[in-house]
Structure formats: C-alpha cells, structure tokens
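Written out below as structure tokens is the structure these notes cover.
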2 protein chains.
Amino acid sequence: MQFSSRLPIAVHILLAIVEFDGKEKTTSTFLAGSVNVNPVIIRNTLGQLKAAGLVTVKAGEGGSSLAKAPKDITLIDVFDAVEKEEALFHFHENPNPECPVGKNVHAVLDNKLFAIQDAMREKMKSITLQDLIDDMNKILVQ
Amino acid sequence: MQFSSRLPIAVHILLAIVEFDGKEKTTSTFLAGSVNVNPVIIRNTLGQLKAAGLVTVKAGEGGSSLAKAPKDITLIDVFDAVEKEEALFHFHENPNPECPVGKNVHAVLDNKLFAIQDAMREKMKSITLQDLIDDMNKILVQ
DNA sequence: TTTGTTGTAATTAATTTGGTTACAACTGCA
DNA sequence: TGCAGTTGTAACCAAATTAATTACAACAAA
C-alpha cells in the first residue's frame, strides 16, 4: 500500500512555481515538462491547490503563483489539498457483534489507528515549503 | 488513499486468538465468523503472521496460537507482516533532469517523506498487543 | 478411512490510479 | 473582431490492487 504520487507531484509544482517566479510563465505545459507527466495531471493538481487556497491560477492568460508565503504552507496543507479526506486505515466493515472480540475491536483499535495517523500528520505539519526551498537552494548554489 | 484492512483484520485475529485461548479451537472458519470475512482471507493472513513468527498454526489439526508474548508484539510487527514492504509515498518516476527543480526534487523531498513514514512507524512500534488486550479487558468487565 | 482443517491457486468484481484525447470557456493581443 | 494560447473539465482506457469466492491437494487426528 502506498500513497499516490499526488503529494510529491504537488510539492514539485510548488517548488517550480517558486523557482521560476519572474523568469518563466508557469503554465501547465511548462510544469508538465519539469514533472514529466501529462499536462492534465498538472491542471487537475493545480485546481486542487487553488481550491485549498495555496495558489492562484490565471485562467486564459496562463501561469500560476503562490497564494501564501512558503513559510505558511506546510506539507499537511498540500497533502489535504490533493488527497481525499478519509481514515488512513480501512477498517473491516462488519465484525461479528455476537462475539466479545468482534463487538469491541472497534472501540479498542480505533483510537490507536487514529494516533498513528495523527503522528504522520503532525510530522507533515512540521515541514514547510520554505524548508524545502532552503534545501533546494543549498544544493543549487553548490 | 487508504491502507487496506489487513492490519485491522490481523489485529482482530490476534486478539481473538488470545481471548479464546483454551476456550475454543481458533480455526480459520471460527475466526472468519468473528471478523466476518471469508475464511481464505483469515488463512492467508495467518500465513503472513506465521511467516513473521508471530503465531503458530496447526496444519491438519486446526487452530492457532501466539508465538510470542503479547507485550513483545507491536503494531509495527503486525503491519510489516501483512503489508508489502515499500515506501509510503509513490514518487513520480521521471522528473526532468534538465530542469533545476526536476533534477533536485528527489534530493530535497526524499528524506522528508521518509521522516513522515518513520513518524508513523515509530508510533506503531510504541503500541503492543498487550496494550490492546488490556483495553479490551477493561471494556469486557464493565 | 473418514472428517475437518490448512495451504494455495485461480477467478471474479469493484475500485483506484495515471495517461490520454477532446473540447468549451476564457484572456490578451494584433 | 478574430486568433492563439491556456485553463477547466469530461470522458475513456489500461494497469494495479483489493477482497470475495470456489476449488482442491496435503495433512493430522480419531
């Protein structure tokens, strides 16, 4: 089981928007060339990022920009923008209520599974787009 | 995106093996009745748990038991037993190496994604089967 | 030898992902 | 106004994954 490549692609897009700000018009076709996926994937992802208030997109004219400072965009913002909102683990639907285990497995396990999901989300919350930009700039000047 | 129900089902199975120890023969059919899935799912899952050294299964005779103390089985043991070993995030395959962003997005993002995965795994490591048994017993005596 | 069980392969349906084509709507410019 | 480039979105397709299910050989105990 894996998360889709949506978060990595969305982060790639955001990094490219920052990197090429003022240098290139970041159209879906241009971004598709950097990410190396179909432009429609870029347009759909940009649409999700726009709906989440992370970017603005110039319809007709073309190009996109950040709607917030990179330090105010965390990976959880990006994750929630592009991934469906749902529990991390799919619980089996119908444990037998006649069985002492089946009757209580939800009560016992749900909060543990939620804690696991929350640990992941907290880590994502601690990483900002600015962190990634700083890391990239360190590499670029080398 | 979700994990499959394999971890919840595996935990359910382990809890049932403990709960019915000495009371019922925990065959795949019996366990299937508690989890409410097809017995083949139980047999496959038990096979994975057995391969990971968490349970023993009596071929022919029927029934299964824990191979380790509940305090020595953590959710990460169960998770690794039943989920394929792979990176949590699927990275898009071919970022453009001619692009300063495409060339470096892996170097920038990989360790962050790994840190997120690791946060999740560390939380799973901190939860033992014994914790779940204790919680279940608290409910059962009420 | 009979019965019940495990282990495993094969098949199926449903869902998700990513790729792709197509095209209407929109913007800026000549 | 009309053209060129772009966004937004729908539709379709192939591949992969999940879970359910049937089937059956191998095995153990009575």
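Just the heavy atoms: all of them, side chains too, but no hydrogens, waters or symmetry mates, feed the values below. Small disclaimer: the values here were computed from a predicted structure and weren't measured. Residue numbering restarts at 1 for every chain, and letters A, B, ... go by the order of the sequence lines.
- For B/T27, the side-chain atoms get nearest to C/dT6 when compared with the rest of C/dT6, D/dT7, D/dA19.
- Between the side chains of B/Q130 and B/D134, at least one donor N or O lies within less than 3.5 Å of an accepting N or O.
- Note on B/T29: every side-chain N or O is 4.0 Å or more away from OP1 and OP2 of C/dT5.
- Without hydrogens or angle criteria, A/K25 side chain to A/E61 main chain gives a donor-acceptor distance under 3.5 Å.
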Provide a list of protein-nucleic acid N or O atom pairs under 3.5 angstrom, restricted to nucleotides 19-28 of chain C.
none

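- The distance from atom CZ of B/F91 to atom P of C/dG18 is 13 Å, rounded to the nearest whole Å.
- A salt bridge links B/R121 and B/D80; the closest N-O separation between the charged side-chain nitrogens and carboxylate oxygens is under 4.0 Å.
- For A/K123, there are no salt bridge (Lys or Arg N to Asp or Glu O under 4.0 Å) partners at least two apart in sequence or on another chain.
- In this structure, A/L49 places its CG atom 15 Å from C1' of D/dG8, rounding to the nearest Å.
- Rounded to whole Å, the distance from CD on A/Q48 to P on D/dT7 is 16 Å.
- The hydrophobic clustering, which links ILVMFWY residues whose side-chain heavy atoms are closer than 4.5 Å, places B/I17 and B/F20 together.
- Considering only side-chain atoms of B/R6, the nucleotide from C/dT17, D/dG8, D/dT18 that sits closest is D/dT18.
- In this entry the distance linking NE2 of B/H12 with P of D/dA19 reads 15 Å, nearest Å.
- A salt bridge is absent between B/K112 and A/D131: the closest approach of a Lys/Arg side-chain nitrogen to an acidic carboxylate oxygen does not fall below 4.0 angstrom.
- Taking only side-chain nitrogens and oxygens, B/K58 never comes nearer than 4.0 Å to OP1 or OP2 of D/dC27.
- Residue A/E24 contributes atom CD, which lies 16 Å from atom C1' of D/dT6 at whole-angstrom precision.
- Residue B/S28 has a polar side-chain atom (N or O) positioned under 4.0 Å from OP1 or OP2 of C/dT6.
- Rounded to an integer number of Å, the gap from CZ of B/F89 to C1' of C/dT17 is 16 Å.
- If you take CD1 of A/I42 and P of C/dT17, they are 17 Å apart, rounded to a whole angstrom.
- For the atom pair CG of A/D72 and OG1 of A/T128, the computed distance is 8.5 Å after rounding to the nearest 0.5 Å.
- Look at CG on B/L46: it is 14 Å from C1' on C/dT8, rounded to the nearest Å.
- Listed pair B/S5 / D/dA19 meets the phosphate criterion, a side-chain N or O lying under 4.0 Å from OP1 or OP2.
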